[in-house]
Q: 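Have a look at this one before I ask anything.
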Amino acid sequence: MTPAKKIEILQKLIQIKSVNDHETDVADYIASLFASYPQAKVEKVPFAENRDNLVVTIGNPDGPMIGLSGHMDVVSAGDEAAWQHAPFAGEVVGDQLFGRGASDMKSGLAAIVITMLEFLETGTPLAGSIRLLATVGEETGEYGAATLTDAGYADNLAGLVIAEPSGLDNVVYTARGVIDYKVVSTGKGSHSAHPEKGINAIDNLMKFYNAVGPLMAQHTKTDPVLGGLLHNVDLISGGEQINSIPAHAELMANMRTIPAYPNQVIYDELEALIAQLNQEDGVQLELSYSYPEEAIPGDPDAPLVQLAKQISDTVCDHDTQVVGSGGANDGAEFLRAKGDFTSIEMGPGSNTSHQVDEYISVTEYLQAIEVYKQLVPAFFDQVAVKNAHATAND
Ligand SMILES: [Zn+2]
């Protein structure tokens, strides 16, 4: 495939406005690229109306399977007038290709799709199979990856590469998890001249607020790469008007977890605190979570991590760093699948993700395709060597 065609595919992806929705348009476009290859198995897996995940499988089903994954949604462009380059145009200026998703992560998505297309185009024999896992809703809760995992599409993976914008000079092998939770306090309204007739929902919510900070601060273990557990109350609201006892108050908190504390440990503590406070007279607190994700433990010396580093070092002539990520990604969901495999995050990116005038370096985008094209067969070789050793030791 010519570089011009590769750039055009990325531009077309950026021109599809899949802002937290409409991923089906992206899925249909990618599926159309595989239409002339009947040997590619193309499946749409619905999450909701207009929100289909896409799974494309190619290669040799008798060998190991590598997953290549990217999300099809992008975040909002915000104030479009603030952009110098229209967010859904895919404008190229010099080596920069602009647009919402240029970095996070339509360039990564295009690169893995093109990697597969090029194997098909050249008829390259593959020792294993490649599965594209293109997801919906990554930016708002990884629920596309959850759908695919629940449906079994990540079962039997031997390795997974998520083309998120780490930059090709980074291989991410471990990531923080996330717990977003909400506490709603229900009281009883009354005139503030007669507070005894009401129940102050704000006062009761503050009991939780004052207790939860010290409780979470007791988690003092730190991860050598990711750091410690983070807990922040970021939203709080309550009350109706100045002379009424508030009947309703709520807060939301964001937690960034580390592998040392599985999410269940935190859930148990939060739920115990709520149960304890609800014993008090008049206190009525309710806890809920939105799309929590487990931290990804990972091993910096895992064969796939080291292989990705070596190949990126060679293709890009730089020293790739093996790092951790403070953000959650689809890998947290895929790792729930049956089977034991390494998930890494490595893809083209710039530091403009989620910002105005988001861009990707065209050079880096084209290099990413080269990295994946070398990584896939090298990974199959690596698995074959490992299996040969295992058989020899039987
Ligand atoms: Zn992303």
Q: Answer yes or no: does atom CG of D234 have more than 12 heavy-atom neighbours from other residues, nucleotides or ligands under 6.0 Å?
A: yes

Q: Taking G59's backbone N and O only, do any of them form a donor-acceptor pair with S129's side chain (distance below 3.5 Å, no angle check)?
A: no

Q: Less than 4.5 Å apart, side chain to side chain, heavy atoms only: is that true for K12 and I16?
A: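 With C-beta onward as the side chain, the pair stays apart.
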
Q: To the nearest 0.5 Å, what is the distance between CG (L132) and CG (L54)?
A: 6.0 Å

Q: In terms of hydrophobic clusters joined by side-chain contacts under 4.5 Å, are V283 and Y181 together?
A: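 Yes; Y181 is reachable from V283 via cluster members.
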
Q: Atom CG in L13, atom OG in S107: separation rounded to 0.5 Å?
A: 10.0 Å

Q: Tell me, with the steps shown, if K373 and T124 meet side chain to side chain donor-acceptor pair (under 3.5 Å).
A: CA-CA 11 Å; K373 270 169 63 184; T124 309; over 6 Å; no

Q: How about NZ on K44, more than 12 heavy atoms from neighbouring residues, nucleotides or ligands closer than 6.0 Å, or not?
A: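 Count over threshold, so yes.
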
Q: May I ask you to decide if S190's main-chain N or O and K197's side chain share a donor-acceptor pair within less than 3.5 Å?
A: no

Q: Of the non-hydrogen atoms in V55 and L133, which two are nearest, and what is the gap between them?
A: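 Looking at all heavy atoms of both residues, the shortest contact is CG2-CD2, 4.3 Å.
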
Q: What heavy-atom pair brings F341 and A337 nearest, and what distance separates the two atoms?
A: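 The pair with the smallest heavy-atom distance is CE2-CB, 4.4 Å.
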
Q: Of all heavy-atom pairs between A308 and I344, which one has the smallest distance, and what is that distance?
A: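 Scanning both residues, the minimum pair turns out to be CB-CD1, 3.6 Å.
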
Q: How far apart are the C-alpha atoms of N200 and I245, what are their side-chain angles, what is the distance that settles it, and do they pass the side-chain contact (heavy atoms from CB on, under 4.5 Å) test?
A: CA-CA 6 Å; N200 191 315; I245 295 297; 4.1 Å; yes

Q: Taking atom CG as the centre, does N263 end up with more than 12 heavy-atom neighbours from other residues, nucleotides or ligands that are less than 6.0 angstrom away?
A: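 Yes, because the 6.0 Å sphere around CG of N263 holds more than 12 heavy atoms from other groups.
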
Q: Can you label the angle between the Y143 ring and the Y291 ring as parallel, tilted or perpendicular, going by 30° and 60°?
A: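 Geometry flag for Y291 against Y143: tilted rings.
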
Q: Without swapping roles, check the side chain of N232 against the backbone of N254 for a donor-acceptor pair under 3.5 Å.
A: no

Q: Can you find a pair of side-chain heavy atoms, one from F88 and one from V19, that are under 4.5 Å apart?
A: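 Heavy-atom side-chain distance check passes, below 4.5 Å.
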
Q: Say whether N20 and T140, considering side chains only, have a donor N or O and an acceptor N or O under 3.5 Å apart.
A: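 Checked: N20/T140 side chains show no N/O donor-acceptor pair below 3.5 Å.
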
Q: Measure the OG1-CE distance between T24 and M72 for me, rounded to the nearest 0.5 Å.
A: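 Here the rounded value is 7.0 Å.
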
Q: Does atom CG of D340 have more than 12 heavy-atom neighbours, drawn from other residues, nucleotides or ligands, at distances under 6.0 Å?
A: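 12 or below, so no.
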
Q: Please determine, by modelled atom types, if Q355 and D357 share a side-chain donor-acceptor pair under 3.5 angstrom.
A: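 No, no side-chain donor-acceptor pair sits under 3.5 Å.
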
Q: Test side-chain contact (heavy atoms from CB on, under 4.5 Å) on I30 and I9 and set out the steps.
A: CA-CA 9 Å; I30 295 174; I9 288 175; over 6 Å; no

Q: I'd like to know if D203 and K207 make a salt bridge, using a cut-off of under 4.0 Å between side-chain N and carboxylate O.
A: no

Q: If two hydrophobic side chains count as joined below 4.5 Å and joins carry through other members, does V45 share a cluster with F334?
A: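 Same hydrophobic cluster.
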
Q: Answer yes or no: is there a side-chain heavy-atom contact under 4.5 Å between E139 and V75?
A: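 In contact.
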
Q: How long is the gap from CG on L33 to CG on L117, to the nearest 0.5 Å?
A: 5.5 Å

Q: Regarding E269 and H219, is there a side-chain donor-to-acceptor distance under 3.5 Å anywhere?
A: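 On atom types as modelled, these side chains qualify, holding a pair under 3.5 Å.
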
Q: Salt bridge check, K17 against D25: does any charged N sit closer than 4.0 Å to a carboxylate O?
A: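 So D25 does not pair with K17 through a salt bridge.
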
Q: Ignoring hydrogens and angles, tell me if any N or O in the side chain of W83 forms a donor-acceptor pair with the backbone of A77 under 3.5 Å.
A: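 Judged by distance alone, yes, a pair lies under 3.5 Å.
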
Q: When the ring planes of Y289 and Y267 are compared, do they come out parallel, tilted or perpendicular, using 30° and 60° as the limits?
A: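 The rings of Y289 and Y267 sit tilted, inter-plane angle from 30° to 60°.
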
Q: Calculate, to the nearest 0.5 Å, the distance between atoms CG and CG belonging to L168 and D313 respectively.
A: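 The CG atom of L168 sits 11.0 Å away from the CG atom of D313.
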
Q: Could you walk me through whether L375 and L304 pass the side-chain contact (heavy atoms from CB on, under 4.5 Å) check?
A: CA-CA 9 Å; L375 180 62; L304 177 58; 4.2 Å; yes

Q: Please answer: with hydrophobic residues joined when any side-chain heavy atoms are less than 4.5 Å apart, are I179 and L335 in the same cluster?
A: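 Different clusters: I179 never reaches L335 through Ile, Leu, Val, Met, Phe, Trp or Tyr contacts under 4.5 Å.
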
Q: Would you tell me whether E164 and N329 have side-chain atoms, one donor and one acceptor, within less than 3.5 Å of each other?
A: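 The criterion, which ignores hydrogens and geometry beyond distance, is not satisfied for N329 and E164.
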
Q: Given 3.5 Å as the limit, does a donor-acceptor pair link the side chain of E142 with the main chain of E333, or not?
A: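 A pair under 3.5 Å: no.
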
Q: Check for a donor-acceptor pair, side chain of D73 on one end and backbone N or O of E138 on the other, with a separation under 3.5 Å.
A: yes

Q: Keeping E358 on the side-chain end and G101 on the backbone end, is there a donor-acceptor pair under 3.5 Å?
A: yes

Q: Give a yes/no verdict on a cation-pi contact between K6 and Y365, requiring under 6.0 Å between NZ or CZ and the six-membered ring centre and an angle within 45° of the axis.
A: no

Q: Identify the heavy atoms of Q306 and P300 that sit nearest to each other, and give their distance.
A: NE2-O, 2.8 Å

Q: If you compare all heavy atoms of F34 against all heavy atoms of A40, which two are closest, and at what distance to 0.1 Å?
A: CD2-CB, 4.0 Å

Q: Side-chain contact test, heavy atoms from C-beta onward, threshold under 4.5 Å: evaluate it for N278 versus E286 and give yes or no.
A: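 The answer is no; the side chains never approach within 4.5 Å.
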
Q: Less than 4.5 Å apart, side chain to side chain, heavy atoms only: is that true for Q11 and I7?
A: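 Heavy-atom side-chain distance check passes, below 4.5 Å.
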
Q: Is the shortest side-chain heavy-atom distance between V305 and K309 below 4.5 Å?
A: no

Q: Whether the side chain of S166 engages the backbone of G347 through a donor-acceptor N/O pair (distance < 3.5 Å, no angle test) should be reported.
A: yes

Q: Would you mind reporting whether V183 and V212 have side-chain heavy atoms less than 4.5 Å apart?
A: no

Q: Taking V56 as the starting point, is it possible to reach Y29 by hopping between hydrophobic residues whose side chains are less than 4.5 Å apart?
A: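 In one cluster: yes.
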
Q: Before you tell me yes or no, could you show the steps for S185 and N204 under side chain to side chain donor-acceptor pair (under 3.5 Å), namely the whole-Å CA-CA distance, both residues' side-chain angles and the distance that decides it to 0.1 Å?
A: CA-CA 7 Å; S185 170; N204 288 343; 4.9 Å; no

Q: Mind running side-chain contact (heavy atoms from CB on, under 4.5 Å) on Q321 and D169 for me, showing each step along the way?
A: CA-CA 6 Å; Q321 304 298 305; D169 53 353; 6.0 Å; no

Q: How about E271: does its CD atom have over 12 heavy atoms from other parts shown lying under 6.0 Å from it?
A: yes

Q: Rounded to the nearest 0.5 Å, what separates atom CZ in R131 from atom CG in L160?
A: 11.5 Å

Q: If we only count heavy atoms from C-beta on, is the H318 to S312 side-chain gap below 4.5 Å?
A: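 A side-chain contact under 4.5 Å exists here.
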
Q: When you measure from the side chain of E118 to the backbone N and O of M1, does any donor-acceptor pair fall under 3.5 Å?
A: yes

Q: Which residue is it: N170, V371, V172? I am looking for the one with a side-chain contact (heavy atoms from CB on, under 4.5 Å) to M346.
A: V371

Q: Under 6.0 Å from the CD atom of Q39, do we count more than 12 heavy atoms belonging to anything else shown?
A: yes

Q: Could you state whether L229 and Y209 fall into the same hydrophobic cluster, counting links through intermediate Ile, Leu, Val, Met, Phe, Trp or Tyr residues with side-chain heavy atoms under 4.5 angstrom apart?
A: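 Linked, L229 and Y209 end up in one cluster.
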
Q: Under the 3.5 angstrom rule, does the side chain of T222 hit a backbone N or O of G228 as a donor-acceptor pair?
A: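 Checking the backbone N and O of G228 against the side chain of T222, no donor-acceptor pair under 3.5 Å is found.
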
Q: Taking all heavy atoms of R176 and all of I258, pick out the closest pair and write down the distance.
A: NH1-CG2, 3.5 Å

